[in-house]
There are 2 protein chains.
Amino acid sequence: MKTLKDVALRAGVSIASVSTVINNTAAVSPAMRKKVERAVADLGYIPHALARNLKMGRVNVIGLILPDIANPHFSELASAIEVACDSAGFSLMLCNTSDNAEKEVRHLRMMRAQRVAGVIFVPGGSPTHDTEALGRLLEGPAVLLDRAFASLALDCVLLDNVEAGRLAADHLVQNGHRRIGIVAGPPHLQISQDRVAGCRAAMRAHGLPFEESLVVDGGFRPELAYHATRAVLRRRARPTAVIATSNHTTVGVMKALAELGLRCPADVSVAAIDDFTWAEGFAPRLTAVAQPIEAMGQEAVRRLLARSDSRASPQCVVLPPRLIIRDSTRVLE
Amino acid sequence: MKTLKDVALRAGVSIASVSTVINNTAAVSPAMRKKVERAVADLGYIPHALARNLKMGRVNVIGLILPDIANPHFSELASAIEVACDSAGFSLMLCNTSDNAEKEVRHLRMMRAQRVAGVIFVPGGSPTHDTEALGRLLEGPAVLLDRAFASLALDCVLLDNVEAGRLAADHLVQNGHRRIGIVAGPPHLQISQDRVAGCRAAMRAHGLPFEESLVVDGGFRPELAYHATRAVLRRRARPTAVIATSNHTTVGVMKALAELGLRCPADVSVAAIDDFTWAEGFAPRLTAVAQPIEAMGQEAVRRLLARSDSRASPQCVVLPPRLIIRDSTRVLE
DNA sequence: TTGAATATCTGAAACGTTTCAGATAACCTA
DNA sequence: TAGGTTATCTGAAACGTTTCAGATATTCAA
């Protein structure tokens, strides 16, 4: 690979001059400019970003750590973040944790070693996080996305999960449903608790009892949700509706319905949290509480960059979900 | 941020010794090790990867450039690649091109500037690529994934697109379909041509005529596929089956069917290229030609790393798709 | 014509590492 | 005890940039 020195040699000028021309950091004579540009083109010189960044003390890369890039929710988030980064002149370094706590600190560590400008961290569903190690590694510019840690005072961008649960349950109640199964996420996650809490709040608000036994653990793989749904739908008093609290659980729920020969929404209504843009065209069209994914990504990047040059105290922004009513829920007569 | 010097100072030893201890590059006395480890822990020292990489002349990062990370096909590919990279000790730098030719060279350039160990490049659907510039930038270790450039002799990992088309069409023909609409991708893409060619080959193999007018351009956004499908399904002699040649077009096709009030598979069978794991549980369960995504990702990384230390001439590996028969196609009596 | 002001260019130090030749100390062996 | 090994440790040179103080050449006003 060619270096500044090679270019300087070929152009017959000093290294410093080449640098000046390339970065436009000072006035140079037209002759100089031409000579250097010529040499750069001839040699196909590409500046060595590592050397440059080392010297300059900054790296135009933002790190993104998330649980599973193959999950549409996260890949859409990644997409939004990539766009925001790109237009701010940053590149993206991506790591998957597969919900593995050990990988979280390993990747975070690696990113700090790379001296990235900031890290956007989406904690995984692991029951235990090494919050102490994470806390130290998140000391540089960082924002938590999607899930926060109570013990860490950090910038974060979250969905209003309580509201998401509330929207789903409220919609069903308004349509006359009373016995509503809730296929929740892993109970140790705040996000699961919040969504269920939202459902509970909606029932309360309508003066209805909330039957805790209708809340089942759907885990965060469709498999468990599938079995949980089967279980709850085989109760003597079958729920007339089910709330699937994440896209993984929705897949399990729908599959369980299909296998039990129950039609949706004729036999059972389904309200989901997380929209499925890629299931458009399939039946039933899903009534879903959609997350403002683009806004979340943008906001995360914005806060991260703002954080880099301010010492304001960390803030949490909570964004509102919105309900999209389609065909998977029906009015109960 | 702490540096080796800080650690050396605190431990009361030389910089060289600290480096030796940290990297285990030579034998040191237990006393030395203890002192250094102590200082490292006390200061929370994290090595500066830029400096290290600059000095070492290698970077443990692999670049991935793809058209759209929000498309499940690419996000699953990204996931497979991330896993393969990670287990080989590499991190992933991700760039989206949004099918924009200018971004392709910009991002590729940036990755070369970062001196990444190699680049996995998935060309986008732009009608014109700056193949000259790309060619120069792809001179380092690189592998093309998903789509190749005829004009560039490079390692590549591809799906057997002809076979994919053949599988879909053959399946329909075997089920008695004769009038088959094909919602193709943009005609300027080799990949589209190949898939259609596969369909054509299947018809020929069965001694059937291939009606070119039933091939419509579905572009690479659902929108166009939607309109194309409506058009083809409103012919006086309606096709009894449709082949959707990519996941984007499948969405358009299914939507068109739904809006025209046509049931699938009762009225029209649909065979898709690209599987939809996230539509599991929705109806109809899609008969699809699935790509061996994991294998493609693994193979891409493997070839890339192999390429780094060999001068063998570039090779193309073509992986076979497989047909998954579910409920969206039916036997025609 | 001269001195000052300006325009243009360059040498060399730094950024934080790795690495290797050499320094020092400690241990053997004869 | 001298000489040679061996075991540890360190100084300093690189890696490819940026940047700034200084060098050189040019221009201008008086």
Side-chain angles (χ1 to χ4, degrees), chain A residues 1-40 43-61 109-117 140, chain B residues 1-40 43-61 89 91 109-117 140:
Chain A
M1 270 279 165
K2 303 303 180 204
T3 72
L4 266 193
K5 196 153 113 187
D6 298 318
V7 177
L9 228 56
R10 177 171 247 258
V13 303
S14 77
I15 289 182
S17 297
V18 179
S19 175
T20 310
V21 170
I22 288 178
N23 301 312
N24 255 318
T25 55
V28 292
S29 69
M32 168 68 85
R33 180 171 302 278
K34 187 172 301 177
K35 274 189 294 186
V36 170
E37 280 170 351
R38 185 71 205 280
V40 165
L43 297 177
Y45 169 73
I46 296 181
H48 196 308
L50 293 190
R52 178 164 218 277
N53 291 339
L54 171 61
K55 180 69 215 193
M56 309 267 281
R58 67 186 153 73
V59 179
N60 284 342
V61 173
R109 208 183 164 67
M110 185 275 290
M111 292 193 162
R112 288 312 183 197
Q114 298 282 347
R115 302 302 194 263
V116 297
Chain B
M1 269 277 163
K2 302 305 179 201
T3 73
L4 267 193
K5 196 154 113 186
D6 298 319
V7 178
L9 226 56
R10 177 171 246 261
V13 302
S14 77
I15 290 182
S17 298
V18 179
S19 174
T20 310
V21 170
I22 288 179
N23 301 312
N24 255 317
T25 54
V28 292
S29 69
M32 168 69 84
R33 180 170 304 278
K34 186 172 301 177
K35 274 189 293 185
V36 171
E37 280 170 351
R38 184 74 204 279
V40 165
L43 297 176
Y45 169 73
I46 296 181
H48 195 309
L50 293 190
R52 176 163 220 276
N53 292 337
L54 172 60
K55 180 71 215 199
M56 309 265 282
R58 66 186 156 72
V59 179
N60 284 344
V61 173
S91 301
R109 207 183 165 67
M110 185 275 291
M111 293 193 160
R112 287 314 182 196
Q114 299 281 347
R115 301 303 194 263
V116 297

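Convention: sequence-line order gives letters A, B, ...; per-chain numbering from 1.
- Rounding to whole angstrom units, NZ of residue K2(A) and C1' of dT17(D) are separated by 18 Å.
- The NZ atom of K35(B) sits 12 Å away from the C1' atom of dT10(D) (whole-angstrom rounding).
- Inter-residue side-chain proximity for V61(A) and Q114(A) is flagged as unmet; no heavy-atom pair is nearer than 4.5 Å.
- Taking atom CG of L54(B) as the reference point, atom P of dA14(D) lies 14 Å away to the nearest angstrom.
- When each of I15(A), T20(A), I22(A) is tested with V18(A) by the rule side-chain contact (heavy atoms from CB on, under 4.5 Å), just one qualifies, namely I22(A).
- Between R58(B) atom CZ and dG16(D) atom P there is a gap of 15 Å when expressed in whole angstrom units.
- Each of P47(A) and M32(B) was assigned the nucleotide of DNA chain D with the nearest heavy atom; the assignment lying further toward the 5' end belongs to M32(B).
- By the 4.5 Å heavy-atom criterion applied to side chains, M1(B) and R115(A) are counted as neighbours.
- The CD atom of Q114(A) sits 14 Å away from the C1' atom of dG16(C) (whole-angstrom rounding).
- For the pair S14(B) and dT10(D), the criterion of a side-chain N or O lying under 4.0 Å from OP1 or OP2 is met.
- The closest side-chain heavy-atom distance from T25(B) to S19(B) is not below 4.5 Å.
- Rounded to an integer number of Å, the gap from M1(B) CE to dT17(C) P is 11 Å.
- Atoms CZ (R33(B)) and P (dT8(D)) sit 11 Å apart, rounded to a whole Å.
- The interatomic distance linking N53(B) (CG) with dG16(C) (P) rounds to 15 Å, in whole Å.
- The only member of K35(B), M32(B), K34(B) that meets side-chain contact (heavy atoms from CB on, under 4.5 Å) when paired with V21(B) is M32(B).
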**Request:** Could you run through nucleotides 18-27 of chain C and give me one letter per nucleotide, 5' to 3': B if any protein heavy atom sits under 4.0 Å from the base, S if only the sugar-phosphate is that close, - if neither?
**Result:** BB--------

